[in-house]
Amino acid sequence: MDSSKSFNQQCYDLLVKIPKGKVVTYADIAHHLGGKAYQAVGNAMASNPTPIIVPCHRVVNSNGAIGKFALGTDKKIALLQEEGIELDSKNLKILNLDKQRHRF
DNA sequence: GATTGGGCCGGAC
DNA sequence: GGTCCGGCCCAAT
């Protein structure tokens, strides 16, 4: 197979494709990579070498929760709000996830 | 709503 | 070299 790109590299590639104002779920990315490596994706984000190039803050959980963030959940919330994404800063949940969810 | 088990990658030992 | 553990998780019970 083409292992020129590591698994995490593929995650970043998909991440950067996400337009502003849109969010994606870890399951979507993992499933798009052809597997159920949900945690592998999250791990890639945690190891994200370029948090600026790769908007890991646009990635949320499938249940609508924001989940965690390497720089801090609070930071993630702020970034999402700045991007124009509506979310519940009280319960750390994404609003209208189905609508704001970006599809590859 | 909370808890348990499962499947996947990367790094450490 | 192989093996073990943790992780920004998910789906099912």
Side-chain angles (χ1 to χ4, degrees):
Chain A
M1 307 314 169
D2 185 10
S3 300
S4 53
K5 287 187 178 180
S6 294
F7 186 87
N8 62 2
Q9 188 62 48
Q10 296 184 59
C11 298
Y12 307 144
D13 198 52
L14 289 172
L15 245 310
V16 295
K17 288 180 183 174
I18 302 173
K20 174 182 160 199
K22 291 279 183 177
V23 291
V24 209
T25 65
Y26 293 101
D28 264 2
I29 300 175
H31 192 268
H32 201 81
L33 294 178
K36 293 183 292 187
Y38 323 109
Q39 287 193 313
V41 176
N43 241 349
M45 302 300 113
S47 253
N48 189 349
T50 52
I52 311 298
I53 313 298
V54 183
C56 5
H57 58 269
R58 281 183 197 158
V59 190
V60 295
N61 293 13
S62 292
N63 66 328
I66 295 175
K68 288 188 178 177
F69 191 52
L71 305 180
T73 315
D74 301 340
K75 194 74 179 181
K76 187 168 184 174
I77 297 169
L79 288 168
L80 290 171
Q81 289 181 142
E82 286 296 305
E83 299 245 330
I85 296 172
E86 297 192 45
L87 53 89
D88 188 342
S89 53
K90 290 186 176 179
N91 292 317
L92 310 178
K93 291 277 187 72
I94 299 291
L95 302 178
N96 303 324
L97 176 61
D98 211 40
K99 282 191 171 186
Q100 301 191 104
R101 195 206 259 187
H102 169 67
R103 302 189 184 183
F104 296 106

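Worth saying up front: this structure is predicted, and the values here are computed from it rather than measured. Naming convention: chains lettered A, B, ... in sequence-line order (proteins, then strands); numbering from 1 in each chain.
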Task: First encountered from the 5' end of DNA chain B, between A:Lys36 and A:Phe7 - done: A:Lys36
Open item on the list: Return the CD to OH distance between A:Gln10 and A:Tyr12, rounded to the nearest 0.5 Å.
Closed with: 11.5 Å
Task: Pairwise distance NZ(A:Lys75) to NE2(A:His57) - rounded to 0.5 angstrom - done: 10.5 Å
TODO: Return each pair, listed once, that meets side-chain hydrogen bond (donor to acceptor under 3.5 Å, both in side chains) where at least one residue sits in residues 29-52 of chain A; pairs must be two or more places apart or across chains.
DONE: none
Open item on the list: Under 4.0 Å from a heavy atom of chain A: give me the 5'-most and 3'-most nucleotides of DNA chain B that qualify.
Closed with: B:dG7 to B:dG10
Task: Pairs where residues 90-99 of chain A contributes a residue and the test side-chain hydrogen bond (donor to acceptor under 3.5 Å, both in side chains) is met, not counting sequence neighbours - done: A:Asp88-A:Asn91
Open item on the list: Test: side-chain hydrogen bond (donor to acceptor under 3.5 Å, both in side chains). Region: residues 58-71 of chain A. Which pairs qualify, not counting sequence neighbours?
Closed with: A:Arg58-A:Glu83
All N/O contacts under 3.5 Å from nucleotides 10-13 of chain C to the protein, with atom names and distances to one decimal?
from   : atom 1 : to      : atom 2 : distance (Å)
C:dC10 : OP1    : A:Ser62 : N      : 2.7
C:dC10 : OP1    : A:Ser62 : OG     : 2.9

- [ ] Would you mind classifying the nucleic acid contact of A:Ala40 as base, sugar-phosphate or nothing, using non-hydrogen atoms under 4.0 angstrom?
- [x] base
Task: Pair assignment for B:dG7, Watson-Crick or G-U wobble, requiring both distances under 3.5 Å - done: none
Open item on the list: Among A:Leu33, A:Val59, A:Val54, exactly one meets side-chain contact (heavy atoms from CB on, under 4.5 Å) together with A:Cys11. Which residue is that?
Closed with: A:Leu33
- [ ] Please report, rounded to the nearest Å, how far the C1' atom of C:dC9 is from the CE atom of A:Met45.
- [x] 13 Å
- [ ] For A:Ile94 and A:Leu80, run side-chain contact (heavy atoms from CB on, under 4.5 Å): C-alpha distance rounded to whole Å, both residues' side-chain angles, the deciding distance at 0.1 Å, then the answer.
- [x] CA-CA 10 Å; A:Ile94 299 291; A:Leu80 290 171; 4.2 Å; yes
Task: Selection: residues 69-83 of chain A, any non-hydrogen atom under 4.0 Å of DNA chain B - done: none
